Amino acid sequence: MTRLTGTALRVTIFIGENDTWHRRPLYSEIVHRAHRAGLAGASVFRGIEGFGASSLIHTTRLLSLSEDLPVAIVIVDTEDRVRAFLPQLDELVTEGLVVLDGCEVIRYVGRHRENT
């Protein structure tokens, strides 16, 4: 079980919902690679509206439906572990934005699994 408290590094990856890696959703590939790398956790958030380097606005509003909504993947772990994962993001994220910022972890507790 990963222990995480105190100073940490957060990486946020902004991509499009339709971005893929070998016919698989890119956000899913990033989450699964983060899991295999033993990172503390990763979450994917689907945006309702946004734009990026292409300056195209993607939105869920009825009059201009978009199938390529913004997606943010957030990963938090120690600085060493996050920085060790960055080469994989360099490989995967060909369009989008990757942001690093320091943070402080106050509480990181998982669910207790029952033995069955």
Side-chain angles (χ1 to χ4, degrees):
M1 180 170 150
T2 302
R3 299 244 185 251
L4 185 62
T5 58
T7 303
L9 196 61
R10 174 176 46 213
V11 59
T12 306
I13 305 107
F14 297 94
I15 58 173
E17 183 177 34
N18 288 342
D19 292 346
T20 60
W21 178 260
H22 298 265
R23 292 187 280 254
R24 178 180 187 175
L26 179 57
Y27 59 84
S28 181
E29 182 67 20
I30 292 170
V31 167
H32 283 84
R33 285 196 187 194
H35 184 257
R36 284 194 306 268
L39 295 174
S43 296
V44 179
F45 301 93
R46 185 177 189 225
I48 58 172
E49 188 167 39
F51 72 94
S54 67
S55 294
L56 297 173
I57 293 182
H58 303 273
T59 182
T60 59
R61 285 184 284 145
L62 190 58
L63 295 177
S64 57
L65 285 176
S66 173
E67 294 180 2
D68 192 23
L69 294 170
V71 171
I73 304 107
V74 179
I75 301 168
V76 177
D77 207 320
T78 64
E79 181 172 356
D80 291 344
R81 293 170 69 117
V82 169
R83 290 198 183 275
F85 187 67
L86 292 180
Q88 292 198 54
L89 294 179
D90 285 340
E91 175 188 1
L92 294 169
V93 181
T94 58
E95 294 178 356
L97 175 66
V98 178
V99 178
L100 290 174
D101 53 352
C103 61
E104 184 177 356
V105 175
I106 304 300
R107 182 174 172 88
Y108 176 70
V109 180
R111 292 187 182 134
H112 295 294
R113 294 183 185 185
E114 294 183 24
N115 294 338
T116 55

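None of these values were measured; they are calculated from a predicted model. The figures here come from the full heavy-atom set of this structure, side chains too, leaving out hydrogens, waters and symmetry mates. If you read the sequence from its start, that first residue is 1, and numbering goes on from there.
- Partners of Arg24 by side-chain hydrogen bond (donor to acceptor under 3.5 Å, both in side chains), not counting sequence neighbours, listed by chain and number: Ser28, Glu29, His32.
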side-chain contact (heavy atoms from CB on, under 4.5 Å) between Val93 and Ile30, intermediate numbers included: CA-CA 9 Å; Val93 181; Ile30 292 170; 4.1 Å; yes
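- A search for side-chain hydrogen bond (donor to acceptor under 3.5 Å, both in side chains) contacts involving Thr20 returns nothing, not counting sequence neighbours.
- Under a 3.5 Å cut-off, the side chain of Asp77 and the backbone N or O of Val82 do not form any donor-acceptor pair.
- Sorted by first and then second residue, the salt bridge (charged side-chain N to carboxylate O under 4.0 Å, His left out) pairs with a member in residues 87-104 read Arg10-Asp101, Arg33-Glu91; sequence neighbours excluded.
- Taking each heavy atom of Val76 and Ala40 in turn, the nearest pair found is O-CB, 3.4 Å.
- Rounding to the nearest 0.5 Å places OH of Tyr27 at 14.0 Å from CD1 of Ile13.
- Using a 4.5 Å cut-off on side-chain heavy atoms (C-beta onward), Leu100 and Arg83 make contact.
- Looking at residues two or more places apart in sequence or on another chain, you find a side-chain contact (heavy atoms from CB on, under 4.5 Å) between Leu97 and Phe14, Val99.
- With sequence neighbours excluded, the residues forming a side-chain contact (heavy atoms from CB on, under 4.5 Å) with Ala42 are Val31, Ala34, Ile75, listed by chain and number.
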Check against side-chain contact (heavy atoms from CB on, under 4.5 Å), Ile48 and Leu69: CA-CA 7 Å; Ile48 58 172; Leu69 294 170; over 6 Å; no
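- From Asn18, atom CG reaches atom CG of Leu26 across 11.0 Å, with rounding to the nearest 0.5 Å.
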Working for side-chain contact (heavy atoms from CB on, under 4.5 Å), residues Phe85 and Val11: CA-CA 10 Å; Phe85 187 67; Val11 59; 5.5 Å; no
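- Rounded to the nearest 0.5 Å, atoms OG1 (Thr94) and CG (Leu89) are 12.0 Å apart.
- Partners of His35 according to the side-chain hydrogen bond (donor to acceptor under 3.5 Å, both in side chains) rule, which considers only residues two or more places apart in sequence or in another chain, do not exist here.
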